[in-house]
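Chain A is the first sequence line, chain B the second, and so forth, proteins listed ahead of strands; every chain is numbered from 1.
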Amino acid sequence: MNVELCRAWMVRFAELIDADAGRLTALDAAIGDGDHGVNMQRGMRAAVAALDESPPETPGRVLIATGRALVAKTGGAAGPLYGTAFRRAGKALADTESASAAELGAALVAMLGGIQELGQAAVGDKTMVDALTPAVSAFEAAAGDGLGAAVEAAARAAAEGTAGTVPLQARKGRASYLGERSIGHEDPGAASTALLLRALAEVTAAS
Amino acid sequence: MNVELCRAWMVRFAELIDADAGRLTALDAAIGDGDHGVNMQRGMRAAVAALDESPPETPGRVLIATGRALVAKTGGAAGPLYGTAFRRAGKALADTESASAAELGAALVAMLGGIQELGQAAVGDKTMVDALTPAVSAFEAAAGDGLGAAVEAAARAAAEGTAGTVPLQARKGRASYLGERSIGHEDPGAASTALLLRALAEVTAAS
Amino acid sequence: MKKLINAPADVVAEALVGMAAAHPELAVDHENRVISRAGGPTPGKVGVVSGGGSGHEPLHGGFVGYGMLDAAAPGEVFTSPVPDQILAATSAANGGAGVLHLVKNYTGDVLNFRMAAELAEDDDIEVATVVINDDVAVEDSTYTAGRRGVGATVFAEKIAGAAAEQGTDLASVARVASDVNDRTRSFGVALTPCTVPTAGQPGFELGADEVELGIGIHGEPGRTRGKLAPARELVAHALDAIHADMPLSGNVVVMLNGMGATPLVELYVAYSELASWLDGHGVTVARSLVGNYITSLDMAGFSVTVGMFPEELLELWDAPVQTPALRWGR
Amino acid sequence: MKKLINAPADVVAEALVGMAAAHPELAVDHENRVISRAGGPTPGKVGVVSGGGSGHEPLHGGFVGYGMLDAAAPGEVFTSPVPDQILAATSAANGGAGVLHLVKNYTGDVLNFRMAAELAEDDDIEVATVVINDDVAVEDSTYTAGRRGVGATVFAEKIAGAAAEQGTDLASVARVASDVNDRTRSFGVALTPCTVPTAGQPGFELGADEVELGIGIHGEPGRTRGKLAPARELVAHALDAIHADMPLSGNVVVMLNGMGATPLVELYVAYSELASWLDGHGVTVARSLVGNYITSLDMAGFSVTVGMFPEELLELWDAPVQTPALRWGR
Ligand SMILES: Nc1ncnc2c1ncn2[C@@H]1O[C@H](COP(=O)(O)OP(=O)(O)O)[C@@H](O)[C@H]1O
Ligand SMILES: Nc1ncnc2c1ncn2[C@@H]1O[C@H](COP(=O)(O)OP(=O)(O)O)[C@@H](O)[C@H]1O
Ligand SMILES: [Mg+2]
Ligand SMILES: [Mg+2]
Ligand SMILES: [Mg+2]
Ligand SMILES: [Mg+2]
């Protein structure tokens, strides 16, 4: 993955968030406070604007700049979580000009690590972790077959992981306040994470 | 009209108010503040309680006691207006043991006078005056044919007068704040006045 | 009807129990329904009394205390108090220097206070009455019961209360109160109707995109129905109506009042529009209030009150006040 | 959605313009979205900062002023502020003696304040953080994000603010704040949902005869849904939940808080029930607040907050405070 592809990934993620903001907010209204779509929209628009303003030279720098913008503009729980995730992923890529499938896999692992370190959520807590964890495993399992296969597998796994949050009772984030009433709803953060991996698969296939 | 009949009149008026409180409040909600039924209920219940507590000896005293209770318990515009009206009517009857049709007619005139002196409303202002004025005229016109005929004529005239308030634009009371929007609604005070004369006709017929 | 109450008929009585419990500095006479200062009347001071229907809280009971009212007589919801009750409030406020009745201009309030004043005279209590009528939505003519008394009541209670606290005599306190009334105008807008507990349903129906313009404080419909518009336009509508009746200039005291169910964050948005309208018209805000001061139960909406006050009135405005709903300087 | 606003996305920014216009004693940094005291930080005094999503007004901006907060950082509606913004508030509050962050326990608030504290340390501003978590509706376990911070925030801001005003050092002010938090419990009840402006529709549906029990302050549904009941029962439900978690006795400070759309007359009815419940349990009300202090936009409902405070904390409670929403003693 070179800098253009990485930048395209972020732009596509922002587009998918814009397109699905209403759905994300509705999911958050059901078990949270009804702002996840608006938050992610505000954050990713700021991120894309930052990338336009001073285009980074490496994929790693693209992710770090995105993370900074998310921390600075998103707010809520998602801001620090996604922000840290992108910055960690960016740092993992160091200054490679073009990341191999293996390097991108390591970046996704760092992304997950950042989210878990900050949020202390485990698989099954009904958070974005339930989308990202299976995505990372699927990516690594398929990494041998090349980037295209890996990102497609990751996107599918993230979508399945998101669907898998529906029967769960939340143990982290606002949804946990609802106790058993959180069961039966899809987690909004998992849903936005699924969009992140969908965006990655789309831009990779198109490249 | 002797003291029993006069007392029966007040009791019947209280009953009719109870029965129609919802309608009176609804009328007031449309062009006022939605409390006329409750106000009259509170006032007339207090009046009947007062009459039970220390039964007056003359019809005049019955009306004065009723007026006092209305002033003391009703509140709103209707309290002072009806209260003064009953006290004036009672005073007009002086200490007659039994009032003739003519004497009762004079009492109704005094009642109307009290309301107009206090409220300064003229016929056509969309108030209780629009029910009481025609009632008084009808009563006096029919007084020659005896009490029964007079009260029946007065009750019918009050009802017609009340219906006649519908097309009027209010110039007094809260309804006047609505300007032209007060047109098309029946005036709640006129409606309660119609009940007062209906009660008079009923108890007279039954006696 | 969804309300945080026990029984519709008990709302006023139980709210008075709550006020007494929450405010030991107030004395509540539950039998007569009078709220007064716990210390009793101040000897030699003019007493200031107001009252009217309940449902406008904090008005009037929340304004009883040092520098404002001596006593308040709360009637049933939207129903003026009765003469005996107003008399009891007058006695509770009588420090021997006479008592001022501040009466909002509604037929019921005017008639009941007039009867109470007569009763007070019988008890040798000198009473002066000032009728408040500041609502520009109602034109004052023989075709109406006259202008309603709304927001200016808060200004008159504060300023007349301060004058009385300073030992001013009855006639002068009354003069100050009517001066405040003469220099103040208000206009109200409803986004939703309100529900009188004993009525059980809203006073009127309002579409999702409609507002009532020129409302009073008793849940009655306004003079006209309008379309829901941005706060900027609704505030301008209110200020234009006030400005047309009393051209605004110089220093003003303004109140952006919530009708009861409108959250503070919205009132501040509206206040930002009020401030910029006044600024655009060369009017300077000397003092301001933003919040719920004279309400209509659970109605959503707002009212704007503007007073064009000279320095003397501003000084009285700034004087210390210590009541449940308005407090500064002590 | 019927709101007194211009555009949903502009609510917070425009409300800040309104606050700045209404309160000259406050300084509003519109770019960073920080509300602070107009005078700037008090040299040598510990700065007290709080913040969180908007929609809870008067919390937090309405509590900035002498004796309470030095600065507040309001985020978007129900969305915690961002680190840079909290850093700006921290700098605006820094008088050189360190800054206390009062943080309501929500993942977003905790994470953003933590990042801001790290940034502040980089600027050599000493920061102490106290997380408020008083909501007994959420059991504090590994199965939840922990108890929400609700009404105790108001108590902690008032009391820690008073301690800081008296020149207490950072560690001690922080100790006072966590002491307040440890001794305070809250429980909330919703009669209606609220509508986030940018969402455009209510957060949940509630039948005409239903209430949500154990709500927070972000329009989320409560722990359970119940039937609409008399105020007596709803207040008892809240107090029973608090009493079960922290057995009440002795002197308490209580707050009967409105969620935003519940009229004051209803809050007083509820307060009468609260007072009699406490009386019946041998608990004495030392101080009380009745009104809208920590709200959820246009939600109808209430919350009860009870603090079991020793004399030292009561003295700090009584200390002078001068803010838009809480004022006494000066
Ligand atoms: N501790 C946590 N660890 C991981 N993800 C979390 C955690 N807490 C919340 N989230 C994620 O954040 C999402 C909510 O984000 P958002 O609505 O933007 O923030 P807020 O909850 O502050 O309003 C949840 O759906 C969940 O996926
Ligand atoms: N000036 C007046 N003269 C005569 N009747 C009046 C006057 N003002 C009001 N009314 C009557 O009083 C009625 C309203 O009574 P009520 O609702 O009990 O008092 P309020 O208007 O104070 O709520 C009106 O319908 C009208 O008939
Ligand atoms: Mg959210
Ligand atoms: Mg009425
Ligand atoms: Mg009335
Ligand atoms: Mg949020």
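The closest donor-acceptor contact from the side chain of C:Lys2 to the backbone of D:Gly207 lies under 3.5 Å.
Contact of D:Leu206 with chain C is made through backbone and side chain together, with heavy-atom distances under 4.5 Å. Heavy atoms closer than 4.5 Å to chain C are found nowhere in D:Ala300, neither backbone nor side chain. Heavy-atom distances place no part of D:Asp279 under 4.5 Å from chain C, backbone and side chain included. Contacts of D:Met1 with chain C are made by backbone atoms alone, with heavy-atom separations under 4.5 Å and no side-chain atom involved. If you measure heavy-atom distances from D:Leu191 to chain C, the contacts under 4.5 Å come from both the backbone and the side chain. Interface residue C:Ser288: only side-chain heavy atoms are found under 4.5 Å from chain D. At a 4.5 Å heavy-atom cutoff, the contact between D:Arg330 and chain C is made by backbone atoms alone. Both the backbone and the side chain of D:Ile5 have a heavy atom closer than 4.5 Å to some heavy atom of chain C. Interface residue C:Leu297: backbone and side-chain heavy atoms are both found under 4.5 Å from chain D.
Using a 4.5 Å heavy-atom threshold, the side chains of D:Glu14 and C:Arg232 count as touching. Residues C:Val269 and D:Leu4 form no side-chain contact, since every pair of their non-hydrogen atoms from C-beta on lies 4.5 Å or further apart.
Comparing C:Ala22, C:Ala275, C:Cys194 by how many heavy-atom pairs each has under 4.5 Å with chain D, the most go to C:Ala22. Contacts with chain D were tallied for C:Leu256, C:Val235, C:Val290, C:Asp298; C:Asp298 has the most, counting heavy-atom pairs under 4.5 Å. Top candidate by heavy-atom pairs under 4.5 Å with chain D, chosen from C:Ala231, C:Ser276, C:Ala229, is C:Ala231. Counting heavy-atom pairs closer than 4.5 Å to chain D, the top residue among C:Ala13, C:Pro230, C:Ser296 is C:Pro230.
Using a 4.5 Å cut-off between non-hydrogen atoms, the part of residues 258-268 of chain C that approaches chain D consists of C:Gly260, C:Ala261, C:Thr262, C:Pro263, C:Leu264, C:Val265, C:Glu266, C:Leu267, C:Tyr268. Among the residues in residues 50-65 of chain C, those with a non-hydrogen atom closer than 4.5 angstrom to a non-hydrogen atom of chain D are C:Glu57, C:Pro58.
Counted by atom type alone, D:Asn6 and C:Glu273 present one or more donor-acceptor pairs between their side chains at under 3.5 Å.
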